[in-house]
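First the proteins, then the strands, lettered A, B, ... as listed; each starts at 1. Only this structure's heavy atoms are used, side chains among them; waters, hydrogens and symmetry mates stay out.
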Amino acid sequence: MARRIVLRSEEDPDRPQPEDLTIDYAADLNEQQYAAATAGDGPLLIVAGAGTGKTRTLIYRLAYLVETGTRPGQIVLLTFTRRAAHDMTARATQLLDGRCEKVQGGTFHAFCLQVLRRHAPALNLPRNFTVLDAADAADVLSVLRARGDYTRGEERFPQKRTLYNMFSAATNRDEALHEVLARRYPQFKSHYNALKQLQSAYRRYKQTHGLLDFDDLLERTLELFEADDDIRQQVAGRCKHVLVDEYQDTNALQAALVKQFASVHGNVTVVGDDAQSIYRFRGADFRNIFRFPDEYPNAEVLKLEKNYRSTQPILNLANHVIEQADRSYDKELFTDQAEGDLPALVPAADGEMEARFVAQMVLRLRESGVPLRDLAVLFRSSHNAYDVEVELNRRNIPFVKYGGMKLNEAAHIKDVLAHLKVAENPQDAASWNRILQLIHGIGPKTAQDLIDWATEDADDPFVPGDGLPFSSRYVGTLKELLGTLRSIRDPDRPVAEQVETVLDYYQPLFEEEYAEDHPKRAPDLDHLAGLAANYESRQRFLESLALDPIELTALEQEEAEDDEPPLTLSTIHSAKGLEFHTVFLIRALDGTLPSRHALREDGGTDEELRLFYVACTRAEENLFISYPMTQYRRSFGEYMTDPSRFVDDIPEDVLEPVQLVEEDAPDPDDAVEAPDAPPPLPSGNDADASDTDEAAADADAPDDGLPF
DNA sequence: TCGGAGCTACTTTTT
DNA sequence: GTAGCTCCGA
């Protein structure tokens, strides 16, 4: 079956007419969605509440644009995660028999990176510049801080991570450093001059060594367009249509970029929901979405209001929640699915009991026919899930945790990657610093001397030159290092082979550095080697890891090769855009959700409220909001907690309080019952379970003999 | 100049 | 429970 290839000019008079379309848009979509998907050219704002088929609409719009003659390669789809971009193009591709595959897109960062690689020389950047992830950037700042001797004063100087956040906030919000200090870091105001110096030192350092952090990817792309109008026209010329998902989470920089991308053709479609803006800490401003009609005066504004995801009781709670926010604009979610259980509010004695509740409900739901992958446990911050992880592991329930430790954040993985980065960009002083200090006998000072030599004086940094003060303490290992780098410098060598070469060299250093726990870390190194095999070049491999970090638990899960797709554990942030049959929102405590840090800031409470709203609206059928009544902290001992202020005043006919009851003997029938009404919990043998936890757990676990 | 011992102060969310 | 700092001996 030969494929037909039709070449069309942009002004093709024969472009397909609506009657030629292969998809019946009107039948597949509701009226509002149809209007949005098939809207004409020009700026378009789609305001879409949670679960209203926003993604579906965007996919159909993608298909529609392609069907009506826009070449896929001229469409740019910008999303917040790479996963979202993949999902969408894959679904559109399926819809349109493969024609959407060539759509450009991904995250803002990834798209900008492509542009920058192509036009690096115009910014006086080497083409092989290195992308710094947040931790790399913090490391650079740490080195500069030590060098500048800024820490000498009596007053506490910001930590490296804080420094990075500070400078990043300034960039993303387009604010001056003193404004950021005044607003978010008043305690460091006295260091203003030092910080200002450090900020420019950081900027210079990145420029000299060919390094770009996440913010630079956006900022320098903008700079590129402003500096060179030909390039702007060239890039924007290829953006016939720009589609932006989650527009409420764009910041000033990203909004400016969208404007540039659309500056030639003027076709922008943005989709968003002000009530779901949850990236304020990254400079997002939910008001961006209201400004869209001002920025694009002829913009069409369409709304999606009908919810297809959740039952009415869940929407009632969501509506009730978002009403408490100061600045939500009028929008009530409604659905035809009037029937459904009330969302449940579940206090547990402590965190472990909360975890047992979740684990048992998960098993019960699974037995009643809901697959694990349709269940999710959501939480404010990563460590909130600790008890649940322990409990799930104990019961061998497979899960993937999003928002936890990433593969490339593990120190030993960073070690290996730093070698590859140096091979890729020998000017990358930050990575040099890391790999040199791994060698016993080399500390900050020696590393600095060697870096100066490698990045400035050396003809070839991988060949030991004359006159270098190689102390006998480390000269052997250092020569070995240079030899390793020489043998992987050829970028055409298969990436997996390069990783293996580095691992051979790294192994003894690894075992020494992580003397206590290297056996636990070793599997990660194998994972890394396995992963490398999927990439066609070292550069691709490195930037993919930086821009699209891999969850450690996902790798473990993959290795387990369970045939049953796992349960999802996720931060609320990482769960954005996803939906699940049943959602457990755990640790609904004041100080956790809302987070105590957010409460200190202006507008922080509302942001937390929106976060809570996002969590609730992920649920289709069941929503359990739980919290422990006591917690333990080393410094305090055991103390009473406060339930989240967001659940405090909700009427019982909207959010139903449920009491957990520990039964003496579990009723085996209970285990197979679907949770029509939130049932009492058949838990341990003993209400006072702390000592008898093991026994209780064995007795109550209805999962013995389950196939995982 | 390096690195180990021992102390402190933390711990939000992500590209 | 730990990252990150200071101090001090080698």
Query raised in the report: So, do F281(A) and dT13(B) meet the stacking rule of ring centres under 5.5 Å and planes under 30°?
Result: yes

**Report entry** Comparing T162(A) and Y279(A) on DNA chain B - which has the more 5′ nearest nucleotide
**Finding:** T162(A)

Anything under 3.5 Å between a protein N or O and an N or O of nucleotides 2-5 of chain B, put it in a table, one pair a line.
from: dC2(B); atom 1: OP1; to: G443(A); atom 2: N; distance (Å): 2.8
from: dC2(B); atom 1: OP1; to: G443(A); atom 2: O; distance (Å): 3.3
from: dC2(B); atom 1: OP1; to: T446(A); atom 2: N; distance (Å): 2.9
from: dC2(B); atom 1: OP1; to: T446(A); atom 2: OG1; distance (Å): 2.3
from: dC2(B); atom 1: OP2; to: K445(A); atom 2: N; distance (Å): 3.1
from: dC2(B); atom 1: O5'; to: G443(A); atom 2: N; distance (Å): 3.4
from: dG3(B); atom 1: OP1; to: G441(A); atom 2: N; distance (Å): 2.2
from: dG3(B); atom 1: OP2; to: I442(A); atom 2: O; distance (Å): 3.2

Requested in this report: For H109(A), answer base if it contacts any base atom (sugar-phosphate contacts may also be present), sugar-phosphate if it contacts only those atoms, and nothing otherwise; contact means non-hydrogen atoms under 4.0 Å.
Outcome: base

Requested in this report: Classify the nucleic acid contact of T592(A) as base, sugar-phosphate or nothing, counting any heavy atom under 4.0 Å across all strands shown.
Outcome: nothing

Query raised in the report: With a cut-off of under 6.0 Å to the ring centre and 45° to the axis, is R282(A) in cation-pi contact with Y279(A)?
Result: yes

Output side-chain donor-acceptor pairs under 3.5 Å for residues 404-411 of chain A, partner residues at least two apart or in another chain, one line each.
from: K406(A); atom 1: NZ; to: E551(A); atom 2: OE2; distance (Å): 3.4
from: N408(A); atom 1: ND2; to: L545(A); atom 2: O; distance (Å): 2.7
from: E409(A); atom 1: OE1; to: K406(A); atom 2: N; distance (Å): 3.3

Query raised in the report: Are any of the side-chain heavy atoms of F214(A) and L547(A) separated by less than 4.5 Å?
Result: yes

Can a side chain N or O of [X] be found less than 4.0 Å away from OP1 or OP2 on [N]?
X       : N       : value
R587(A) : dT13(B) : no
T571(A) : dT14(B) : yes
S574(A) : dT14(B) : yes

Query raised in the report: Given Watson-Crick or G-U pairs with both distances under 3.5 Å, what dot-bracket string fits DNA chain C, with | for other-strand pairs and [ ] for crossing?
Result: .|||||||||

Requested in this report: With C1' as the reference atom in both, quote the distance from dG4(C) to dT13(B) in angstrom, rounded to an integer.
Outcome: 22 Å

Query raised in the report: Is it the case that more than 12 heavy atoms not belonging to R117(A) sit under 6.0 Å from its CZ atom?
Result: yes

